[in-house]
A.B. asks: 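Before I ask anything, let me first share the structure, which is written out below as structure tokens.
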Amino acid sequence: MKPPSGPVKPSTERRAAQGPDFASTSVPRHLARGAIGFGLVIGSIALVPVAGPATLLAAPLALIAFRGCPTCWMVGLAQTISRGRLERRCVDGVCTLTKAHPDPDPDPDSTPRT
């Protein structure tokens, strides 16, 4: 099968190059998801002596809060914190992380507001 011809959208190309994205829209939202996930895991294990093994059914709900596993949550935390601050640059097959440069001013003739 021949691949489709024509330009590839940059967002699709970037997503394929970078891999999965576990980041949240903000750090507080990501930390809240972590608190819910870890709370469900710890709570379900801690409540076994009190309420029986049925409380372990709450542990899989943590996977929804973590968007996978605790490691996925931690990778997402790093992505959320670094979003917009770091960018990956690949030259001649060698990739490095560098500080992101701010977007250039779309209208260079405009004067800054005071």
Side-chain angles (χ1 to χ4, degrees):
M1 179 187 283
K2 183 179 175 184
S5 62
V8 177
K9 290 183 179 179
S11 62
T12 306
E13 187 177 311
R14 183 184 299 160
R15 168 88 58 193
Q18 290 180 350
D21 185 16
F22 296 104
S24 294
T25 55
S26 68
V27 174
R29 179 175 287 182
H30 198 84
L31 292 175
R33 281 192 18 249
I36 291 169
F38 285 115
L40 283 167
V41 169
I42 293 168
S44 68
I45 293 170
L47 290 175
V48 168
V50 176
T55 60
L56 293 175
L57 295 174
L61 296 176
L63 298 178
I64 296 169
F66 286 141
R67 292 185 189 166
C69 60
T71 303
C72 300
W73 178 83
M74 294 177 91
V75 168
L77 180 61
Q79 287 178 343
T80 304
I81 291 170
S82 70
R83 178 157 288 163
R85 295 185 185 141
L86 296 174
E87 84 186 1
R88 187 169 88 173
R89 294 182 188 255
C90 297
V91 178
D92 296 329
V94 177
C95 297
T96 59
L97 282 176
T98 60
K99 265 187 151 178
H101 298 288
D103 291 332
D105 188 10
D107 186 10
D109 296 330
S110 67
T111 57
R113 294 181 183 173
T114 55

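Only a predicted model underlies this, so the values are computations on that prediction, with no experimental measurement involved.
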A.B. asks: Provide the closest heavy-atom pair for V41 versus A62 in the form atom of the first, atom of the second, distance.
C.D. replies: CG2-CB, 3.5 Å
A.B. asks: Between L77 and L31, is a side-chain contact (heavy atoms from CB on, under 4.5 Å) present by the stated rule, with each step listed?
C.D. replies: CA-CA 8 Å; L77 180 61; L31 292 175; 4.1 Å; yes
A.B. asks: Restricting to pairs with a member in residues 25-35, which pass side-chain hydrogen bond (donor to acceptor under 3.5 Å, both in side chains), not counting sequence neighbours?
C.D. replies: S24-H30, S24-R33, T25-R29, H30-R33, H30-W73
A.B. asks: If I take atom CZ from residue R67 and atom CZ from residue F22, how far apart are they, to the nearest 0.5 angstrom?
C.D. replies: 9.5 Å
A.B. asks: Got a sec, which pairs hit disulfide bond (SG atoms under 2.5 Å apart) with one end in residues 39-91, sequence neighbours left out?
C.D. replies: C90-C95
A.B. asks: Going hydrophobic residue to hydrophobic residue with side-chain gaps under 4.5 angstrom, can you get from V75 over to I64?
C.D. replies: no
A.B. asks: Using 0.5 Å steps for rounding, measure from the OG1 atom of T71 to the CZ atom of F66.
C.D. replies: 9.5 Å
A.B. asks: So if you build clusters from Ile, Leu, Val, Met, Phe, Trp, Tyr with side-chain heavy-atom gaps below 4.5 Å, do L61 and L47 land together?
C.D. replies: no
A.B. asks: Where do D21 and A23 come nearest, in terms of heavy atoms and distance?
C.D. replies: OD1-N, 3.2 Å
A.B. asks: Could you measure the distance from the CG atom of L63 to the CG atom of L40? Nearest 0.5 Å is fine.
C.D. replies: 10.0 Å
A.B. asks: Applying the 4.5 Å side-chain criterion to the ILVMFWY set and letting contacts propagate, would F38 and L56 be lumped into a single cluster?
C.D. replies: yes
A.B. asks: For A65 versus I36, what's the shortest heavy-atom pair and its separation?
C.D. replies: CB-CG2, 4.0 Å
